[in-house]
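By convention in this document, chain letters (A, B, ...) are assigned in the order of the sequence lines, proteins followed by strands, and residues within each chain are numbered from 1. These values consider heavy atoms only, across backbone and side chains, with no hydrogens, waters or symmetry-generated copies.
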2 protein chains.
Amino acid sequence: MKIGELARRSGLTAYTIRYYEQIGLLPAPDKGTSGQRDYDASILVWIEFLGRLKATGMPIREMLRYAALRQTGPVTDAARRVLLEKHRDKVRGHIADLQANLLVLDAKIAGYADAEERTETNGQHQREPLRARHARTR
Amino acid sequence: MKIGELARRSGLTAYTIRYYEQIGLLPAPDKGTSGQRDYDASILVWIEFLGRLKATGMPIREMLRYAALRQTGPVTDAARRVLLEKHRDKVRGHIADLQANLLVLDAKIAGYADAEERTETNGQHQREPLRARHARTR
DNA sequence: CCTTGACTTAGAGCGCGCTCGAACACCTAG
DNA sequence: CTAGGTGTTCGAGCGCGCTCTAAGTCAAGG
């Protein structure tokens with residue numbers, strides 16, 4: 001598989017693939033006489049995993065540490081597990097933060113919605129008392 | 001309140017506060033004859049809210065749109081609500097993605113844990129499990 | 001054969017969100 | 001009165017993660 005096809009199949013651009021290779025995140029593939037990169041399909045699995053690390057906010061530096069461990073072989077399994085566990089905990093914390101902030105956001109939105117409802121009520125029923133209606137409609 | 005104190009109380013640096021003012025995210029406070037910024041404590045509420053938007057991944061450009069609407073007055077309430085609702089939906093989506101990726105991460109970690117357990121189990125039947133295995137597997 | 005398009009390299013550039021350096025002004029305590 | 005801490009402006013610089021340009025090589029179809 002040449003770089004263009006890998007780009008299509010992985011969702012990365014060819015630029016990014018070369019960049020990842022350059023920094024050591026992707027292994028350097030064989031290059032034939034023409035000097036063109038020839039990829040094995042198995043690289044897709046690794047790229048997908050990198051994508052998940054990235055999607056969960058892992059910085060490239062840390063992915064490099066993981067990639068280096070992987071390169072070294074099965075002796076590093078425990079270290080890799082530890083690395084992933086730490087990352088997982090960070091992700092969990094991040095999700096918790098997001099959820100907390102989401103609550104505040106919801107409250108803020110509810111505030112705006114209330115204000116709008118009051119405005120509409122005023123507009124349509126100027127002579128009617130507000131407080132009773134509002135209490136009921138919420 | 002001068003900028004240093006606001007920095008301490010808001011968690012931003014004085015640099016960042018000036019930067020936010022420069023781009024329009026914070027209102028320009030009164031500056032006395034000495035030219036020093038004098039903040040009202042109420043700014044802290046706004047900064048905290050900006051922090052939540054930031055923590056949920058809103059880019060500065062969008063915070064600026066919100067800030068501009070706010071500046072304009074209550075006529076923009078509906079627009080602000082819409083903006084926040086869209087953002088909230090993005091955040092929800094993001095959380096869902098994170099949770100999905102977390103499952104994969106957990107599975108991967110479980111895989112490593114299994115492997116280790118197998119190794120340990122093997123090891124229990126040997127005299128010096130780790131060192132011996134290392135020597136061989138390298 | 002010739003064209004077209006995918007590939008190669010090294011290195012520059014970009015968008016984001018700050019972060020800091022330089023040079024100078026001001027305020028307050030001792 | 002003076003030292004030192006805090007403030008001011010403006011513009012440059014940084015860390016991250018790509019993204020692209022330039023100039024050239026190569027492969028395959030018409």
Side-chain angles (χ1 to χ4, degrees), chain A residues 1-40 43 46-68 87 90-91 94 97 101, chain B residues 1-40 43 46-68 87 90-91 94 97 101:
Chain A
M1 195 189 338
K2 287 193 287 180
I3 199 172
E5 192 187 344
L6 179 61
R8 261 169 264 124
R9 292 174 61 176
S10 67
L12 301 177
T13 66
Y15 293 136
T16 305
I17 292 169
R18 288 193 205 98
Y19 167 69
Y20 279 2
E21 177 184 328
Q22 190 187 314
I23 64 176
L25 208 48
L26 291 180
D30 289 343
K31 297 187 198 178
T33 52
S34 67
Q36 298 190 192
R37 291 169 177 78
D38 184 18
Y39 290 96
D40 185 296
I43 194 78
W46 175 234
I47 291 179
E48 198 207 323
F49 183 63
L50 287 177
R52 290 187 189 280
L53 295 181
K54 180 184 163 189
T56 49
M58 183 184 283
I60 283 185
R61 264 187 321 287
E62 205 172 335
M63 295 186 208
L64 284 175
R65 290 219 314 113
Y66 186 87
H87 180 59
K90 276 184 202 156
V91 176
H94 187 203
D97 283 359
N101 284 320
Chain B
M1 191 189 342
K2 287 193 285 181
I3 200 170
E5 194 187 344
L6 179 59
R8 262 169 262 121
R9 292 173 62 178
S10 66
L12 299 178
T13 67
Y15 293 135
T16 304
I17 292 169
R18 290 194 202 96
Y19 167 69
Y20 279 2
E21 178 184 328
Q22 189 188 315
I23 64 175
L25 209 47
L26 292 180
D30 288 342
K31 298 187 198 177
T33 52
S34 66
Q36 298 191 193
R37 292 170 177 78
D38 184 17
Y39 291 96
D40 185 296
I43 194 77
W46 174 234
I47 291 178
E48 198 208 324
F49 183 63
L50 287 177
R52 289 187 190 280
L53 294 182
K54 180 182 162 188
T56 48
M58 183 183 284
I60 283 185
R61 262 187 323 285
E62 203 172 337
M63 296 186 208
L64 284 175
R65 292 218 313 115
Y66 185 87
H87 180 59
K90 274 183 205 158
V91 177
H94 187 202
D97 282 359
N101 283 321

Whole-Å distance between [N] [atom2] and [X] [atom1]?
X       : N      : atom1 : atom2 : answer
B:Ile23 : C:dG15 : CD1   : C1'   : 14 Å
B:Lys31 : C:dC27 : NZ    : P     : 14 Å
A:Asp30 : C:dT8  : CG    : P     : 13 Å
B:Ile47 : C:dC18 : CD1   : P     : 12 Å

Which of the following nucleotides, [options], is nearest to the side chain of [X]?
X       : options                : value
A:Ser34 : D:dA27, C:dC7, D:dG7   : D:dA27
B:Arg61 : C:dC16, C:dG17, C:dC26 : C:dC16
B:Tyr15 : C:dC20, D:dC18, D:dT9  : C:dC20
B:Tyr19 : C:dC18, C:dT8, D:dC18  : C:dC18
B:Thr16 : C:dG17, D:dC26, C:dT19 : C:dT19

Can you tell me if [X] touches the phosphate of [N], counting only side-chain N or O atoms and a distance under 4.0 Å to OP1 or OP2?
X       : N      : answer
A:Lys2  : D:dC26 : no
A:Lys54 : D:dC16 : no
A:Arg37 : C:dC7  : no
A:Tyr20 : D:dG17 : no

Earlier contact from the 5' end, DNA chain C, for B:Gln36 and B:Ile60: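 Final value for this comparison: B:Ile60.
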
